[in-house]
Amino acid sequence: MNPASLDQQLIPTLENGDRLSRAEFERRYNLMSDLKKAELIEGVVYVPSPLRYNRHGKPHGKIITWLEVYAAATPGVEVADNATVRLDLDNEPQPDALLRLDEESGRRSRISEDDYVEGAPELIVEIAASSASYDLHDKLRAYRRNGVREYLVWLVQGREFRWYILEQGEYRQQQADSLGMLSSPFLPGLRLDVQALLRGEMSRVLSIKSDTILCVPKVSRRKVNPSNLD
């Protein structure tokens with residue numbers, strides 16, 4: 001038998017609840033070419049079940065559309081769908097959507113030589129079934145500790161949308177204004193009509209934008225600490 005084939009057979013697969021280092025998690029994930037999504041959260045492996053259309057796929061598409069329309073009108077920001085993020089040695093999530101500043105705008109994350117996001121993106125969105133999801137527990141704590149400025153969670157079954165803002169090391173859940181809008185305090189012009197989103201009125205959601213091209217102000221760079229990632 002080919003030694004390489006034997007070696008692959010001896011390497012365990014990723015299973016829910018496995019406790020692994022990030023290096024071992026990546027090694028196993030790279031060998032499982034048929035696996036589309038797995039995450040390491042606080043040192044524990046999560047492999048999600050196949051995703052349903054109305055409970056995940058359709059809401060996911062709406063969030064990506066909303067963020068991409070914003071990015072198209074806003075120089076200096078980038079959107080990614082299901083990109084792996086190396087947060088620290090115990091956390092390698094694969095968020096449903098993220099928005100990050102580019103190299104010229106003072107980004108808090110970077111793209112590694114092997115094409116992964118390293119460090120905390122400015123904004124992350126997760127689609128969750130309910131408040132029992134790990135998205136609102138272990139993953140929320142990992143995002144907070146690593147400095148993800150804004151964390152958005154769409155609770156599909158409960159028809160609820162939560163937008164957390166990082167303030168003094170803690171997440172504060174933002175409340176809608178008098179017009180029912182949630183807005184980013186860091187990303188100019190990023191606003192969301194939550195009730196329109198929950199009703200599926202995407203034309204209304206996408207109409208909430210500035211009439212002019214937006215510019216993200218340059219901010220001081222927060223250097224990614226390689227000791228947290230390697």
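Only this structure's heavy atoms are used, side chains among them; waters, hydrogens and symmetry mates stay out.
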| said: Under a 3.5 Å distance rule, please check whether H60 uses its side chain to pair with a backbone N or O of D96 as donor and acceptor. | reply: yes
| Does R149 offer a backbone N or O that forms a donor-acceptor pair with the side chain of R108 under 3.5 Å? | no
| query | Taking 4.0 angstrom as the limit, do D114 and R86 come out as a salt bridge? | reply | yes
| Check: Q174 side chain, S183 main-chain N or O, donor-acceptor pair, under 3.5 Å | yes
| field | Exceeds 12 heavy-atom contacts within 6.0 angstrom, atom CD of E113 | value | no
| field | Partner residues of D193 under the side-chain hydrogen bond (donor to acceptor under 3.5 Å, both in side chains) criterion, sequence neighbours left out | value | R204
| said: Grouping I, L, V, M, F, W and Y whenever their side-chain heavy atoms are under 4.5 Å apart, do L192 and F186 come out in a common cluster? | reply: yes
| Taking C-beta and beyond as the side chain, do V77 and E122 meet within less than 4.5 Å on heavy atoms? | no
| said: Are M202 and V79 connected into the same hydrophobic cluster when the rule is that any two of I, L, V, M, F, W, Y join if their side-chain heavy atoms are below 4.5 Å apart? | reply: yes
| Hey, is the main chain of E24 close enough, under 3.5 Å, to the side chain of Y29 for a donor-acceptor pair? | no
| field | Side chains of L190 and W66 in contact at under 4.5 Å (non-hydrogen atoms) | value | yes
| request: Run the salt-bridge test on E78 and R100 with the 4.0 Å N-O cut-off and return the result as yes or no. | output: yes
| query | Is any side-chain heavy atom of I165 closer than 4.5 Å to a side-chain heavy atom of Y171? | reply | no
| task | Keeping the roles fixed (side chain from R55, backbone from A129), state whether a donor-acceptor pair exists under 3.5 Å. | result | no
| task | Find the distance between CD (E126) and OG (S133) and round it off to the nearest 0.5 Å. | result | 8.0 Å
| request: Look only at the side chain of K37 and the backbone of Q94, and say whether a donor-acceptor pair between them is shorter than 3.5 Å. | output: yes
| field | Main-chain N/O of A142 paired with N146 side-chain donor or acceptor, under 3.5 Å | value | yes
| query | With a 4.5 Å limit on heavy-atom distance, are the side chains of L40 and N91 in contact? | reply | no
| message | Using side-chain heavy atoms (C-beta onward) and a distance below 4.5 Å, is L187 in contact with Y70? | response | yes
| Single-linkage hydrophobic cluster, 4.5 Å side-chain cutoff, L87 and L136 together | yes
| Do side-chain atoms of W154 reach the backbone of H56 as a donor and acceptor pair under 3.5 angstrom? | no
| field | Electrostatic pair E15-R28, nearest N-O below 4.0 angstrom | value | no
| query | Do the side chains of L31 and L35 join up, straight or via other hydrophobic residues, at under 4.5 Å, putting them in one cluster? | reply | no
| field | Flag side-chain contact, heavy atom, 4.5 Å: Y134 against E42 | value | no
| query | Just wondering, are more than 12 heavy atoms of other shown residues or ligands nearer than 6.0 Å to CZ in R52? | reply | no
| request: Verify the neighbour count for atom CG of D115: are there more than 12 heavy atoms of other residues, nucleotides or ligands below 6.0 Å? | output: no
| query | Does Q195 have any side-chain hydrogen bond (donor to acceptor under 3.5 Å, both in side chains) partners at least two apart in sequence or in another chain, and if so, which? | reply | none
| task | State, yes or no, whether a side-chain contact exists between L166 and Y151 at a heavy-atom distance under 4.5 Å. | result | no
